[in-house]
Amino acid sequence: MASLMELKEIFRSADAVCFDVDSTVIREEGIDELAKFCGVGDAVAEMTRRAMGGTVTFKAALTARLGLIRPSYEQVQKLISDNPPQLTPGIRELVSRLHQRGVQVFLVSGGFQSIVEHVASQLNIPTANVFANRLKFYFNGEYAGFDETQPTAESGGKGKVITHLKEQFHFKKVVMIGDGATDMEACPPGDCFIGFGGNVVRKQVKEKAKWYITHFDELLKELEER
């Protein structure tokens with residue numbers, strides 16, 4: 001197992017950094033915000049807590065939550081325009097600094113493509129670097145499920161994305177940063193996991209992560225060391 005010092009060195013020399021989005025890059029959980037917007041907030045928030053704690057499979061939790069919400073295409077678009085996701089303080093500067101260093105930045109999320117792409121555009125991250133779940137709609141805009149073939153639709157999916165990135169781009173060192181159990185599970189194949197507790201603290205992640213931060217300034221300082 002790598003020591004904290006070794007993890008910091010991996011971060012400073014990484015080819016690619018993958019960020020979780022909900023409660024990491026943005027302050028809220030996108031699915032909870034969508035649920036509130038659609039009038040089923042409390043029931044879905046409880047399901048999210050269970051999913052993030054790692055006690056149920058991600059796909060089972062996602063299926064159940066979306067079955068309750070049943071968001072229409074119009075509702076998703078209205079949520080983004082009326083209540084756009086709030087970026088976590090420091091993330092814009094950190095992503096910009098990584099880009100300046102030639103590091104590839106990816107958003108790897110169990111959230112929804114349309115919301116995550118909106119976030120990516122604010123951070124100058126290309127759409128091709130977004131891996132998230134795709135909602136499906138009928139021709140009249142009603143909810144028709146989600147694309148279950150996306151790797152991010154199931155437990156272990158973020159690790160599959162990292163494996164894919166390593167194979168496609170021949171990255172030697174890939175870092176995963178996130179607040180949840182699904183992020184921690186992605187290392188390995190990721191080379192370094194950094195737990196993030198700036199928006200919400202997940203007990204399991206805080207206890208098990210060798211490197212745990214509460215503000216992105218901590219990572220900016222690490223990059224300035226070199």
Side-chain angles (χ1 to χ4, degrees), residues 16-38 44-45 48 51-52 58-59 61-63 65-66 69 71-92 94-96 98-99 103-137 143-162 164-165 168 174-183 185-186 190 194 196 198-200 216:
V17 176
C18 298
F19 288 91
D20 170 51
V21 177
D22 295 334
S23 297
T24 300
V25 169
I26 62 174
R27 305 200 67 138
E28 55 277 283
E29 285 286 323
I31 195 163
D32 289 350
E33 295 304 304
L34 185 57
K36 276 188 242 171
F37 198 74
C38 297
V44 169
T48 297
M52 294 307 288
F58 185 80
K59 186 180 273 189
L62 185 62
T63 303
R65 288 179 291 178
L66 283 171
I69 305 169
S72 68
Y73 176 80
E74 190 180 345
Q75 283 173 316
V76 174
Q77 297 309 309
K78 194 159 170 50
L79 171 70
I80 294 168
S81 62
D82 291 6
N83 301 310
Q86 301 299 303
L87 291 177
T88 299
I91 188 62
R92 202 187 289 275
L94 177 57
V95 170
S96 175
L98 288 167
H99 280 155
V103 178
Q104 288 250 34
V105 178
F106 297 86
L107 298 183
V108 185
S109 172
F112 306 123
Q113 189 91 12
S114 46
I115 296 173
V116 178
E117 284 182 355
H118 175 81
V119 174
S121 69
Q122 292 181 279
L123 297 171
N124 296 315
I125 295 170
T127 304
N129 288 20
V130 169
F131 294 84
N133 288 315
R134 296 176 187 274
L135 293 171
K136 297 198 289 194
F137 303 99
Y143 174 67
F146 64 97
D147 182 355
E148 297 190 25
T149 66
Q150 293 295 317
T152 49
E154 57 190 329
S155 301
K158 293 182 180 181
K160 286 180 183 169
V161 170
I162 290 176
H164 163 74
L165 293 176
Q168 184 177 359
V174 178
V175 174
M176 182 74 212
I177 301 172
D179 67 291
T182 59
D183 307 307
E185 287 166 3
I194 303 171
F196 182 72
N199 293 310
V200 61
F216 288 125

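Because the structure is a prediction, the values reported are computed rather than measured. What you see below is based on every heavy atom in this structure, not just the backbone, and it leaves out hydrogens, waters and symmetry mates.
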Could you go through the side chain to side chain contact (heavy atoms under 4.5 Å, CB included) check for Phe19 and Val95 one step at a time?
CA-CA 10 Å; Phe19 288 91; Val95 170; 4.2 Å; yes

How far apart are the C-alpha atoms of Glu148 and Lys59, what are their side-chain angles, what is the distance that settles it, and do they pass the side chain to side chain contact (heavy atoms under 4.5 Å, CB included) test?
CA-CA 8 Å; Glu148 297 190 25; Lys59 186 180 273 189; 3.8 Å; yes

Working note: Asp32 + Arg65, criterion salt bridge (Lys or Arg N to Asp or Glu O under 4.0 Å); need CA distance, chi angles, decisive distance, verdict.
CA-CA 9 Å; Asp32 289 350; Arg65 288 179 291 178; 5.1 Å; no

Criterion side chain to side chain contact (heavy atoms under 4.5 Å, CB included) on Ile26 and Leu87, from CA distance to verdict:
CA-CA 4 Å; Ile26 62 174; Leu87 291 177; 4.3 Å; yes

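Ring pair Phe216/Phe196 is parallel by interplanar angle, where below 30° counts as parallel and above 60° as perpendicular.
Atoms CD and CG, on Gln86 and Asn199 in that order, are 11.0 Å from each other to the nearest 0.5 Å. To the nearest 0.5 Å, atoms CZ (Phe131) and CG (Leu107) are separated by 10.5 Å. The distance from the CD1 atom of Ile115 to the CD atom of Gln77 is 9.0 Å, given to the nearest 0.5 Å. Between the CG atom in Leu34 and the CD atom in Glu29 there is a gap of 12.5 Å [rounded to 0.5 Å]. Here Asp179 contributes atom CG and Asp183 contributes atom CG; the two are 6.0 Å apart, rounded to the nearest 0.5 Å. We find the OH-CG distance between Tyr143 and Leu135 to be 6.5 Å, quoted to the nearest 0.5 Å.
A heavy-atom distance below 4.5 Å is found between the side chains of Leu66 and Pro71. Side-chain contact between Phe146 and Thr63 is present, with at least one heavy-atom pair separated by less than 4.5 Å. Within the 4.5 Å cutoff, the side chain of Cys18 has no heavy atoms near those of the Val175 side chain.
Here the rule is side chain to side chain contact (heavy atoms under 4.5 Å, CB included) with Leu123, and of Val105, Val25, Leu94 only Val25 fits it.
Remark: Lys36 pairs with Glu33 by the side-chain hydrogen bond (donor to acceptor under 3.5 Å, both in side chains) rule, at least two apart or across chains. Residues that satisfy the side chain to side chain contact (heavy atoms under 4.5 Å, CB included) test with Ala132, not counting sequence neighbours, are Ser109, Gln113, Val116, Val130.
The side-chain hydrogen bond (donor to acceptor under 3.5 Å, both in side chains) contacts involving residues 126-137 comprise Gln104-Asn129, Asn133-Thr152, where partners must be two or more places apart or lie in separate chains.
Formation of a donor-acceptor pair under 3.5 Å by the Ser81 side chain with backbone atoms of Lys78 is found in this model. Judged by distance alone, the side chain of Glu28 and the main-chain N or O of Ser23 form no donor-acceptor pair under 3.5 Å. Here the side chain of Ser72 pairs a donor or acceptor atom with the backbone of Gln75 at under 3.5 angstrom.
More than 12 heavy-atom neighbours from other residues, nucleotides or ligands sit within 6.0 angstrom of CZ on Phe137.
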